[in-house]
> 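One structure is given below, represented as structure tokens, and several questions about it will come after.
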Amino acid sequence: MVMAATVKVGLGSVGFVVFWVLAVFPAVPFMPIGRTAGSLLGAMLMVVFGVITPDQAYAAIDLPILGLLFGTMVVSVYLERADMFKYLGKLLAWKSQGAKDLLCRICLISAVSSAFFTNDTSCVVLTEFVLKIARQQNLPPHPFLLALASSANIGSSVTPIGNPQNLVIAVQSKISFGKFLFGIFPAMLLGVVVNALLLLCMYWKLLSVQKDVEDAAAELVPEEEVVSHRFSPATLSHLTSLNSQELNNSLGVNGHANHAETLRNRVIVGECEIQKAFDSSRNSNASTNDGSLMKREENVSSKRVSSVDEYQDDENFRAYDEMCYFPKVWRNKLWKICVYLVTMGMLIALLMGLNMSWTAITAALALVVLDFKDARPSLEKVSYSLLIFFCGMFITVDGFNKTGIPSALWDFMEPYSKIDHAAGIAVLALVILVLSNVASNVPTVLLLGGRVAASAAAISPESEQKAWLILAWVSTVAGNLSLLGSAANLIVCEQARRAQHFGYNLSFWSHLKFGVPSTLIVTGIGLMLIRG
């Protein structure tokens, strides 16, 4: 692509810098408008400056990615209602050996789920859950959020459905699902292990800190808040235990017997106390007239009758509740089964190569219909500000690409990027790495895919396939370099910041401190294992 006019290049660069600054520093003093408004401002500047036309701005918005993100967020809400996160929590906490063991489990689960549910989906589903687990175990959330985002990016590289850029590569290269999987799987597997080891080495001391028992007891989070996708205000642990016990007793047959026995004991104890009070009063007040004595006897009798009536009313209510309990349980179980079946159907459809965004939207709407309730409470949990942020980012990045700067960089580096020798592979990886973090990974793949394949095809057909797989691996792992490197990072950052009561701000620099060494090491190891 030829460089645009000087004025257009300058104005486009200004628009992109504005977007970059506000995305990295959402509370910058001279314009504290946040990331979402910052992305819209950058998009607006690209149109106002004439870098792109309004029609080109609308065309730059990647609707399939937005549809996929929206659909997966809706599906995650219904999976939460179907207690999927409770089972996931049991998997993470099952025989857990502490903070280091939890970090490794997060890396593994995030990588595997990203390969089949996309990295964006995994981060949408797991971010708040990881925060709650860290809060429950009184652990710092920072290393666990990094483990989630980085492992999601690495794991998503192994399949064509793992992320949007892999989907583009699979369509353009016509590489089958099996060849794609086995070509990158060794690199992905070792990359996840190395990434986990780097996290352990960097945060070993932080993960080894043991809090005092009193502090741990004071900060303990009840279990039901851990398995809930949306955090609710924390309650005292002893009150929660009592409430859960009463709830369990009210649902089981043994609970009915125990509750009835408790009521009987209360009636008997009450009668004994009343009788003792009556006797004591009679002995100490022998001069009391017969009228007051009769009134006390009437009060005792009325209290006894009231206690028995309350017991009978409660028994009638329990009998009615017992008749209605079992149908409700089976309806709830049937609905959960339907949610899991729809989710499995969505996964199978994605594995078959069907359209990702429409598959996710179809699954989301199927769950809405099966729920047979007003969908507004569930749809209100969708992060619409995140969707708007991506719209602005697509327009801003497309305008920057039209300045010709990213393309000029490739034209300069292409002669040195031949993949028939190690130095050429290193240069190619460096170009992809830089462009993926400046122009985002999907535009980088769209810009470089054809050029990289044509350059490699001149060497051999095997080199062409290897070039496509290198592009998929590097453009995906490059997302771990900075906070803006991938959508998964932004999702984790935004979801963590917006979490109620225990939100955590994952800053750009804190991510960069880990992202740079992890990206360079994992990318280099993977390049040695990519097979054509």
> Using every non-hydrogen atom in the two residues, find where Leu66 and Cys391 come nearest and quote the distance to one decimal.
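Of all heavy-atom pairs spanning Leu66 and Cys391, the closest is CD1-SG, 3.4 Å.
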> Quick one: are Leu131 and Phe144 in side-chain contact, heavy atoms under 4.5 Å?
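Heavy-atom side-chain distance check fails, nothing below 4.5 Å.
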> Tell me, which pairs form a ring pair (Phe, Tyr, Trp, His ring centres under 6.0 Å) where one or both residues lie in residues 453-493, sequence neighbours left out?
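For residues 453-493, and leaving out neighbouring residues, there are no ring pair (Phe, Tyr, Trp, His ring centres under 6.0 Å) pairs at all.
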> Under 4.5 Å between any side-chain heavy atoms of Asp62 and Pro164, yes or no?
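No, too far: nothing below the 4.5 Å cut-off.
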> With distance as the sole criterion, is a donor-acceptor pair present between the side chains of Asn480 and Ser518 under 3.5 Å?
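Their side chains do not contain a donor-acceptor pair, so the 3.5 Å distance test is not met.
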> How far apart are the C-alpha atoms of Met73 and Leu387, what are their side-chain angles, what is the distance that settles it, and do they pass the side chain to side chain contact (heavy atoms under 4.5 Å, CB included) test?
CA-CA 11 Å; Met73 283 193 287; Leu387 298 175; 3.9 Å; yes
> Testing the basics here: between Val522 and Val194, what is the closest heavy-atom pair and its distance to 0.1 Å?
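Taking every non-hydrogen atom into account, CG2-CG1, 4.3 Å.
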> Got Arg35 and Cys493 here, is their nearest side-chain heavy-atom distance under 4.5 Å?
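In short, these two side chains touch, coming nearer than 4.5 Å.
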> Short question: side chain of Asn153, backbone of Asn119 - any donor-acceptor pair under 3.5 Å?
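No, the answer is negative, given that no donor and acceptor are paired below the 3.5 Å cut-off.
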> Taking atom CG of Leu448 and atom CG of Leu428, what is their separation to the nearest 0.5 Å?
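These two atoms lie 8.0 Å from each other.
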> Keeping Ser156 on the side-chain end and Ser114 on the backbone end, is there a donor-acceptor pair under 3.5 Å?
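Such a contact is absent between Ser156 side chain and Ser114 backbone.
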> Is any side-chain heavy atom of Leu469 less than 4.5 Å from a side-chain heavy atom of Ser173?
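No. Closest side-chain heavy atoms not under 4.5 Å.
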> Mind checking whether Leu103 and Pro143 have side chains closer than 4.5 Å, heavy atoms only?
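In short, these two side chains touch, coming nearer than 4.5 Å.
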> How close do Ala37 and Ile33 get, counting heavy atoms only, and between which atoms?
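Scanning both residues completely, I find the closest heavy atoms to be CB-O, 3.4 Å.
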> Check whether Asp120 reaches the backbone of Ile491 with its side chain - one donor and one acceptor, N or O, closer than 3.5 Å.
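Checking the backbone N and O of Ile491 against the side chain of Asp120, no donor-acceptor pair under 3.5 Å is found.
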> Identify the two heavy atoms, one from Lys8 and one from Val51, that lie closest to each other, and give their separation to 0.1 Å.
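Distance-wise, the nearest heavy atoms are CE-O, 2.9 Å.
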> Could you check whether the rings of Phe400 and Phe16 sit parallel, tilted or perpendicular, using 30° and 60° as the cut-offs?
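The arrangement is parallel - the two ring planes meet at less than 30°.
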> Run Val74 and Leu379 through side chain to side chain contact (heavy atoms under 4.5 Å, CB included) and show every step you take.
CA-CA 7 Å; Val74 174; Leu379 295 179; 4.0 Å; yes
> Between the main-chain N or O of Leu520 and the side-chain N or O of Thr523, is there a donor-acceptor pair closer than 3.5 Å?
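No, the answer is negative, given that no donor and acceptor are paired below the 3.5 Å cut-off.
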> Determine yes or no for a side-chain-to-main-chain donor-acceptor pair under 3.5 angstrom, with Ser151 supplying the side chain and Leu148 the backbone.
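The answer is no, because no donor-acceptor pair under 3.5 Å joins these two groups.
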> Can you tell me how far the SG atom of Cys104 sits from the CG atom of Leu197, to the nearest 0.5 Å?
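So the SG of Cys104 and the CG of Leu197 are separated by 7.5 Å.
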> Using side chain to side chain contact (heavy atoms under 4.5 Å, CB included), reason through Asp371 and Leu367 one step at a time and then give a plain yes or no.
CA-CA 6 Å; Asp371 192 32; Leu367 294 176; over 6 Å; no
> Kindly indicate, with the supporting measurements, whether the criterion side chain to side chain contact (heavy atoms under 4.5 Å, CB included) is fulfilled by Leu370 and Tyr78.
CA-CA 10 Å; Leu370 288 173; Tyr78 283 94; over 6 Å; no
> Quick check for you: to the nearest 0.5 Å, what is the distance between Cys107 atom SG and Leu200 atom CG?
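These two atoms lie 7.5 Å from each other.
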> Please give me the minimum heavy-atom distance between Ala115 and Thr159, naming the atom from each residue.
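Answer, listing the atom of Ala115 first, then Thr159: O-OG1, 2.5 Å.
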> So how far is it from Phe390 CZ to Leu490 CG, rounded to the nearest 0.5 Å?
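Answer for the CZ-CG pair, Phe390 versus Leu490, is 5.5 Å.
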> Find the distance between CG (Leu145) and NE2 (His511) and round it off to the nearest 0.5 Å.
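If we round to the nearest 0.5 Å, Leu145:CG and His511:NE2 are 10.0 Å apart.
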> Quick one: are Phe514 and Asn195 in side-chain contact, heavy atoms under 4.5 Å?
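Sidechains of Asn195 and Phe514: in contact.
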> Any side-chain heavy atom of Leu527 sitting closer than 4.5 Å to one from Val474?
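Side-chain contact under 4.5 Å: yes.
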> I'd like to know if the side chain of Thr396 reaches the main chain of Ala43, judged simply by a donor and an acceptor atom lying under 3.5 Å from each other, with no hydrogens or angles considered.
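Checking the backbone N and O of Ala43 against the side chain of Thr396, a donor-acceptor pair under 3.5 Å is found.
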> Sub-3.5 Å donor-acceptor pair from the side chain of Lys336 to the main-chain atoms of Ala82, do we have one?
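Judged by distance alone, no pair lies under 3.5 Å.
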> A quick test of your reading: do over 12 heavy atoms of other residues, nucleotides or ligands sit less than 6.0 Å from OH of Tyr58?
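Counting neighbours around OH of Tyr58, 12 or fewer heavy atoms of other residues, nucleotides or ligands fall under 6.0 Å, so no.
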> Side-chain contact test, heavy atoms from C-beta onward, threshold under 4.5 Å: evaluate it for Met46 versus Lys402 and give yes or no.
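They are not in side-chain contact.
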> Write down the atom of Leu471, the atom of Gly449, and the distance for their closest heavy-atom approach.
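Looks like CD2-CA, 3.7 Å.
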> Enter the distance from Ile419:CD1 to Ile459:CD1 here, rounded to the nearest 0.5 Å.
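These two atoms lie 5.5 Å from each other.
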> Which atom pairs, donor and acceptor, lie under 3.5 Å between side-chain atoms of residues 177-189 and protein residues at least two apart or in another chain?
none

> Would you confirm whether Ser157, through its side chain, and Ile154, through its main-chain N or O, come within 3.5 Å as a donor-acceptor pair?
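Side chain of Ser157 to backbone of Ile154: a pair is present.
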